[in-house]
Amino acid sequence: MAMAVLRREGRRVLLSSPSPAAAMAARSPAVSQPEIAPLGARSISTQVVRNRMKSVKNIQKITKAMKMVAASKLRAVQIRTENSRGLWQPFTALLGDAPNVDVKKNVIVAITSDKGLCGGINSTSVKVSKALHKLTSGPEKESKYVILGEKGKVQLIRDSKQSIEMTVSELQKNPINYTQIAVLADDILKNVKFDALRVVFNKFESVISFKPTMTTILSPEVMEKESESGGKVGDLDSYEIEGGETKSEILQNLTEFQFSCVLYNGALENACSELGARMSAMDSSSRNAGDMLDRLTLTYNRTRQASITTELIEIISGASALEG
Amino acid sequence: MSATTAAVPFWRAAGMTYIGYSNICAALVRNCLKEPFKSEAASREKVHFSVAKWADGKQEKPSESPILSDPPSPSPHSWLLSRCFRFAWLVLGFVRMGTDLRI
């Protein structure tokens with residue numbers, strides 16, 4: 001792209017003969033640069049290349065700083081994420097996970113980030129959500145979106161505006177805590193009609209690996225039906241219930257609590273994945289900036305040496321003309 | 001098996017979900033802490049998000065987090081409060097039972 005800059009300069013200055021300059025530039029980049037100069041100057045100007053080098057260096061510094069910030073934040077969130085996994089594991093052990101349950105009203109809760117520059121995690125979440133939407137819509141079935149985070153909203157607005165039920169943003173203004181997610185889960189439960197909730201998020205496997213994951217949570221009525229049909233949920237009858245509550249009541253409490261726990265874990269895992277993805281994105285960005293800087297430095301040195309050589313030639317030819 | 005319940009718990013009858021109920025109980029328990037743990041716990045209670053409902057492909061005006069993060073300031077003899085306090089311990093026991101049921 002340094003070549004393109006020089007070619008552009010050439011076209012601007014040498015108005016009388018644009019094609020020879022362009023042809024020369026295209027033909028022999030290694031031998032000698034075409035002489036590019038602002039009108040009136042006598043030597044080749046390295047100003048353009050120098051400006052570009054300065055801006056690329058600044059970008060490199062900024063992306064390095066962003067990477068370090070993300071790394072430091074990641075450490076804290078990772079601990080909380082790993083601790084929060086213990087919240088939903090008992091539920092899965094007790095009630096099982098039924099991703100292929102066939103229900104009429106599906107609600108897809110997609111957890112994405114608010115800020116950008118975090119690689120491709122939001123696109124993968126949106127892709128999975130769209131595929132789920134296609135899978136779960138049919139003649140008698142329908143599915144809607146509840147979107148957490150700005151980036152998901154922006155992507156899903158483009159073609160699924162009619163299916164969006166609710167969007168939530170500014171989740172990460174304060175560090176994510178259970179109370180906040182519980183209030184949000186309460187809001188969703190109260191305002192959205194559903195038979196099955198599918199929470200889509202990026203699970204944090206390691207700093208470089210994030211897997212899109214989906215968890216299914218059934219509404220109490222569907223859970224009752226499943227328990228009657230047997231399987232893991234059907235074993236619930238072998239438990240004795242203390243207190244004055246009935247099984248359907250306990251199931252209702254359990255499904256609500258399960259949703260809140262799963263949403264909490266999903267939000268934390270997604271935040272972790274976002275920080276990890278941002279780290280690797282900023283890392284590759286600073287590496288690319290470094291490569292660009294090396295190439296620009298070579299161009300700069302070549303241009304500088306060419307201008308010195310030109311000056312020397314002028315001086316020597318002038319001197320020899322005087323002598324002889 | 002799924003007979004209609006004779007008496008739902010008072011909070012279910014009042015329109016709360018289990019999550020809302022446990023949130024209130026947790027806030028009450030946090031309120032009982034002494035300093036400095038109380039201020040540490042207060043940071044775990046901050047609720048902020050902005051939610052917008054959609055209808056017909058159009059976004060309605062977004063609203064701040066809809067439910068108060070703090071419970072209403074307690075008056076010592078409020079009936080609901082005293083029942084909440086008693087049930088808070090039951091709730092914590094419930095949670096423990098839930099995790100103990102892990103096979």
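Here is how names work: the chains are called A, B, and so on, in the same order as the sequence lines, proteins then strands, and each is numbered from 1. Here the structure is a predicted model, which means the values were calculated and not measured.
The distance from the OG1 atom of A/Thr167 to the NZ atom of B/Lys53 is 10.5 Å, given to the nearest 0.5 Å. Annotation: the span from A/Asn177 atom CG to B/Arg44 atom CZ amounts to 9.0 Å, rounded to 0.5 Å. Residue A/Asp186 holds its CG atom at 3.5 Å from OG1 of B/Thr17, rounded to the nearest 0.5 Å.
There is no contact between A/Lys144 and chain B, counting heavy-atom distances below 4.5 Å. Looking at A/Ile157, only its side chain comes within 4.5 Å of chain B, counting heavy atoms on both sides. With a threshold of 4.5 angstrom between heavy atoms, A/Leu184 approaches chain B through its backbone and through its side chain. With a threshold of 4.5 angstrom between heavy atoms, A/Gln252 approaches chain B through its backbone and through its side chain.
Between the side chain of A/Asn174 and the backbone N or O of B/His48, no donor-acceptor pair lies under 3.5 Å. In terms of modelled atom types and a separation under 3.5 Å, the side chain of A/Glu170 and the main chain of B/Phe49 share no donor-acceptor contact.
Side-chain contact between A/Glu249 and B/Tyr18 is absent, with no heavy-atom pair separated by less than 4.5 Å.
The candidate from A/Thr92, A/Val168, A/Leu87 with the greatest count of non-hydrogen atom pairs under 4.5 Å with chain B is A/Val168.
Contact between B/Val51 and A/Met166 at its shortest, heavy atoms only, is CG2-CG, 3.6 Å. In plain terms, the two heavy atoms of A/Asn253 and B/Arg12 that are nearest each other are OD1-NH2, 2.7 Å. For the residue pair A/Glu256 and B/Ile19, the shortest heavy atom distance occurs at O-CD1, 3.3 Å.
Within 6.0 Å of the NZ atom in A/Lys104, the count of heavy atoms belonging to other residues, nucleotides or ligands does not exceed 12. A 6.0 Å sphere centred on NZ of B/Lys38 holds more than 12 heavy atoms belonging to other residues, nucleotides or ligands.
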